[in-house]
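Down below is the structure, laid out as structure tokens.
Lettering follows sequence order; numbering is per chain, from 1.
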Amino acid sequence: MPQVLSSTTILQHNKELAHIFRQMSDCYKYLGPDERFRAIAYDTASKTLSNMTEPIDIYGHDIKKLDELKGVGERIAGKIIEYIDTGRIQTFEKLKQQVPFALLELMDVEGIGPATVRTLHDALQVNTRDDLIHAVEQGKLSAIKGFGEKKINTLMKVLKLDKQENKRMPLQLAERIGNELVRFVEKMPGVVQASLAGSARRKKETVGDIDIIVTAERRNWKKIIRRFVQLPQVKKVLASGETKASVILTENDVQADIRIVHPDEYGAALLYFTGSKEHNIQLRSMAKRKGCKINEYGVYDVHTNKRLAGETEEGIYRLFNLPYIDPVKRLGKDELQAG
DNA sequence: GTTT
DNA sequence: TTTGACG
DNA sequence: AAACCGTTCAAA
């Protein structure tokens with residue numbers, strides 16, 4: 001991502017507001033399904049703010065101007081003004097009171113969502129990380145419904161990792177590890193194709209985990225998964241099923257995920273698992289407007305249920321009169337408008 | 001919460 | 001069978 | 001007022 005020039009100070013308010021709205025979104029996610037759309041709304045506003053290249057301040061106190069921003073309506077506009085004027089947002093301050101704010105960052109971790117955090121809080125009366133660590137050490141988790149060995153392990157891991165700090169790896173490292181893994185997988189009997197997907201394929205500066213898409217005939221899937229989780233560089237198996245598996249690699253404790261699909265579904269799967277999330281949502285939105293639906297297996301006509309594309313990414317983009325979009329550009333901004 |  | 005998590 | 005992406009899969 002290009003360094004946003006030297007305007008970091010000028011865009012200070014944008015950054016701060018984006019961060020606050022993101023946290024508000026987390027709060028609403030925590031509050032549950034009733035608030036899920038409010039959570040999405042704040043997330044949208046947060047992203048708009050962080051993608052802006054002009055300081056929000058130039059809109060002054062003009063609610064109508066602010067309202068023109070995507071995802072910013074009357075209410076959020078008011079909160080932007082409130083923040084610029086007072087440096088605080090009352091609604092946010094109140095929200096922080098009614099949720100275990102210190103636990104919300106756990107939701108950033110793979111395998112832990114709002115519901116898990118909510119359950120922890122309700123069942124254990126924990127409000128801080130230390131509370132939670134204490135409870136875990138007392139072995140209180142196993143009494144909670146839905147908390148089996150797997151989940152407890154990831155939680156313990158998270159709490160340890162979080163002390164060290166949640167580490168995404170630099171792109172270069174991810175590419176090295178990922179490509180090496182792909183070369184291993186490619187050689188496995190039955191594998192047709194293997195590719196690096198996820199944020200590493202998009203060349204994000206930092207990468208959270210390694211995502212690998214494999215195509216193979218169904219009869220070979222189990223065998224491939226079995227081999228994958230037994231690879232020498234695998235330190236620990238987090239999950240292993242019929243079509244996908246998650247492992248921790250010895251090197252850097254990096255998480256690696258593998259997903260297997262039919263060769264026909266390669267494009268759709270690659271597209272889906274390459275993201276970004278925002279890009280996928282926009283593409284699906286566009287597809288829906290045109291009477292299609294996209295999933296990780298292909299593109300389908302909503303009415304006839306006929307499969308229209310999915311073998312290649314190019315084919316999917318072409319179906320919607322779009323040029324092939326380089327993974328690097330799949331940011332969920334305006335890359336779909338141009339086509 | 002915002003958008004249609 | 002339900003549900004949380006995912007890009 | 002109603003929609004807001006869309007699905008499967010693993011884990012419990």
Side-chain angles (χ1 to χ4, degrees), chain A residues 21 24-25 27-48 66-80 89 91-92 95 106-120 141-142 144-154 197-202 204 207-209 211 213 221 225 237-246 255 257-261 265 268-289 292-300 302 310 327 330-332:
Chain A
F21 288 154
M24 290 179 74
S25 172
C27 291
Y28 285 120
K29 275 183 199 157
Y30 173 86
L31 290 177
D34 287 353
E35 300 291 355
R36 73 176 168 247
F37 291 117
R38 207 182 306 273
I40 292 170
Y42 275 101
D43 208 39
T44 306
S46 169
K47 272 160 186 144
T48 295
L66 288 167
D67 194 32
E68 289 169 16
L69 263 23
K70 180 187 156 213
V72 175
E74 193 184 342
R75 309 296 299 274
I76 289 186
K79 290 178 173 65
I80 291 173
I89 294 176
T91 311
F92 180 41
L95 269 176
L106 289 177
M107 297 192 301
D108 294 339
V109 179
E110 144 110 39
I112 301 178
T116 300
V117 175
R118 210 178 307 131
T119 304
L120 286 170
L141 292 204
S142 46
I144 309 175
K145 168 201 120 187
F147 282 66
E149 190 190 347
K150 279 268 157 53
K151 187 150 239 161
I152 292 175
N153 280 344
T154 66
S199 53
R201 182 167 179 240
R202 298 204 315 277
K204 265 202 87 181
V207 174
D209 54 25
D211 245 313
I213 301 297
W221 290 5
I225 293 279
V237 179
L238 298 179
S240 172
E242 301 273 312
T243 64
K244 65 184 189 185
S246 288
Q255 178 167 335
D257 296 337
I258 187 176
R259 334 248 176 170
I260 309 189
V261 298
E265 301 160 341
L270 195 56
L271 186 66
Y272 175 64
F273 290 114
T274 295
S276 68
K277 176 180 175 179
E278 289 74 21
H279 181 82
N280 288 349
I281 289 176
Q282 288 183 11
L283 199 58
R284 287 174 179 208
S285 234
M286 165 180 292
K288 191 176 180 181
R289 282 199 301 274
C292 300
K293 73 176 174 192
I294 301 179
N295 61 31
E296 62 205 88
Y297 301 112
V299 183
Y300 302 83
V302 164
R330 299 181 195 170
L331 303 173

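Among the protein residues, A:Thr116 comes within range of the sugar-phosphate backbone only, with heavy atoms under 4.0 Å from sugar or phosphate atoms but none that close to a base. Across all strands, A:Asn295 comes closer than 4.0 Å only to sugar-phosphate atoms, never to a base (heavy-atom distances). Nucleic acid contact class of A:Leu238 (heavy atoms, under 4.0 Å, all strands): sugar-phosphate only. Note on A:Glu242: only backbone sugar-phosphate atoms sit closer than 4.0 angstrom, heavy atoms only; bases stay farther off. A:Ser240 comes within 4.0 angstrom of sugar-phosphate atoms only, judged by non-hydrogen atoms across all strands, and of no base. Within the 4.0 angstrom heavy-atom criterion, no nucleotide atom of any strand lies near A:Ser199. Among the heavy atoms of the strands lying under 4.0 Å from A:Tyr42 are primed sugar atoms or P, OP1, OP2 only; no base atom is included.
With 3.5 Å as the limit, one finds a donor-acceptor pair spanning the side chains of A:Asp257 and A:Gln255. Neither side chain, A:Ser276 nor A:Arg330, offers a donor N or O lying under 3.5 Å from an acceptor on the other.
Salt-bridge annotation for A:Glu278 and A:Lys47: present, with a side-chain N of the basic residue lying under 4.0 Å from a carboxylate O of the acidic one. One finds no salt bridge joining A:Arg201 and A:Asp211 here, because no Lys/Arg side-chain nitrogen approaches an Asp/Glu carboxylate oxygen to under 4.0 Å.
In secondary-structure terms, DNA chain D builds stems of at least 3 consecutive Watson-Crick or G-U pairs, each pair having both distances under 3.5 Å, at B:1-4 with D:1-4, C:1-5 with D:8-12.
A:Arg75 CZ: 12 or fewer foreign heavy atoms inside a 6.0 Å radius.
Rounded to whole Å, the C1' atom of D:dT7 lies 14 Å from the corresponding atom of C:dT3. When the P atom is used for both B:dT4 and D:dC5, the distance is 13 Å, rounded to whole Å. Comparing the same atom, P, in D:dC4 and in C:dC6 gives a spacing of 23 Å after rounding to whole Å.
For the pair A:Asn295 (side chain) and A:Gly298 (backbone), a donor-acceptor distance under 3.5 Å is present. The closest donor-acceptor contact from the side chain of A:Thr44 to the backbone of A:Ile40 lies under 3.5 Å. At least one donor-acceptor pair closer than 3.5 Å links the side chain of A:Thr48 to the backbone N or O of A:Lys70.
When all heavy atoms of A:Gly73 and A:Asp67 are compared, the pair lying nearest together is CA-OD1, 3.0 Å.
Using cut-offs of 30° and 60° on the angle between ring planes, the pair A:Tyr42 and A:Tyr28 is parallel.
Take A:Arg118 and apply the salt bridge (Lys or Arg N to Asp or Glu O under 4.0 Å) test, not counting sequence neighbours, and it matches no residue. Residues passing the salt bridge (Lys or Arg N to Asp or Glu O under 4.0 Å) test with A:Glu296, sequence neighbours excluded: none.
Within residues 66-80 of chain A, the residues having any heavy atom under 4.0 Å from DNA chain B are, by residue number, A:Leu69, A:Lys70, A:Gly71, A:Val72, A:Gly73, A:Glu74, A:Arg75, A:Ile76, A:Lys79.
Comparing A:Tyr272 and A:Phe147, the nucleotide of DNA chain D nearest to each residue sits closer to the 5' end for A:Tyr272. With the nearest nucleotide of DNA chain D identified for both A:Lys293 and A:Lys244, A:Lys293 has the one nearer the 5' end.
Remark: P of C:dG7 and CZ of A:Arg284 are 12 Å apart, rounded to the nearest angstrom. Remark: C1' of C:dG7 and NZ of A:Lys204 are 12 Å apart, rounded to the nearest angstrom.
For DNA chain B, the span of nucleotides reached by chain A at under 4.0 Å from its heavy atoms goes, 5' to 3', from B:dG1 to B:dT3. A 4.0 Å heavy-atom criterion places the boundary nucleotides of DNA chain D facing chain A at D:dC4 to D:dA12, written 5' to 3'.
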